[in-house]
There are 2 protein chains.
Amino acid sequence: MDEVFKALADASRRSLLDRLHASNGQTLNELCEGLAMTRQAVTKHLAILEAASLVTTFRQGREKLHYLNPVPIHQIGERWIRKFERGRLTALSELKRRLEKRDA
Amino acid sequence: MDEVFKALADASRRSLLDRLHASNGQTLNELCEGLAMTRQAVTKHLAILEAASLVTTFRQGREKLHYLNPVPIHQIGERWIRKFERGRLTALSELKRRLEKRDA
DNA sequence: TTGACATGCAACCATTTGGTTGCCTATCAT
DNA sequence: ATGATAGGCAACCAAATGGTTGCATGTCAA
């Protein structure tokens, strides 16, 4: 889980995921096109995404195809984000709670 | 958006959000309790969370109260994660597409 | 007023991170 | 076979990150 969050923390990596979302199964060089980065930099980013299981790859001849794996993203939505979407007591009611605790 | 992702990338910060989710409106010292970190380290983390609008604070006398703001988390769920939850063409169909492109 | 408590500020440090360059290997097409 | 193409590996670098320690300030209570 931590690896996924860390992988998502970088804007370049998120944009790589966007690119794969737009067109899945691209090669390294395809993913490099138009990017202000070296191929090696992209390779590193993809390695991090792969380590987080956000991207799966396999080789086809001399090319390496990159596929988006949406499962970890989905899991973050399910297991983490949902938790914060309910049960939001308002700041005011919490302040009230706090003041009462203080006076006790 | 980037600030939010970066803020969420650290496990210590996520656990601070968890703590606030469990009990909103805590002081700095309360948030430090039981943590294997200096108070100053926690202060820095909270500053990052605050910069990302994930936490709101205000002072009450000599104490600083910390409140969770779930809005940015919600937005990431809405604007970013949802996008990847649909439209997942299978790897196989994409491979097919690729091979056809190759033969053309 | 004075000590204790809650927090803030700043300098410093080691490690990680995002990126580079240079070179090597493998595969395809001619 | 041989050149061009796709990718891999490793060393190196600057900047960011996560943490520390030491000291200063502000506020409360006796």
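Remember, it's a predicted structure, so these values are computed and weren't measured experimentally. The sequence lines fix the lettering, A, B, ..., with proteins before strands; numbering per chain opens at 1.
Ring-plane geometry between Tyr67(A) and Phe58(A) is classed as parallel, the angle between the planes falling under 30 degrees on a 0 to 90 degree scale with a further cut at 60.
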Completion exercise
Readout for nucleotides 5-18 of chain D: B = base within 4.0 Å of protein heavy atom, S = sugar-phosphate only, - = neither; 5' to 3' it is BSBBB--------S
Exercise answer: donor-acceptor pairs, residues 47-57 of chain B side-chain atoms, under 3.5 Å, sequence neighbours excluded:
unit_1	atom_1	unit_2	atom_2	d
Glu50(B)	OE2	Thr57(B)	OG1	2.9

Exercise for the section: Kindly determine whether Lys6(B) and Asp10(A) satisfy salt bridge (Lys or Arg N to Asp or Glu O under 4.0 Å), including the steps that lead there. Expected result: CA-CA 7 Å; Lys6(B) 296 219 170 183; Asp10(A) 186 89; 5.0 Å; no
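We find the OG-CG distance between Ser23(B) and Leu68(B) to be 11.0 Å, quoted to the nearest 0.5 Å.
If you measure from atom CD of Gln60(A) to atom P of dA26(C), you get 19 Å, rounded to the nearest angstrom.
A donor-acceptor pair shorter than 3.5 Å can be found between the side chains of His74(B) and Glu85(A).
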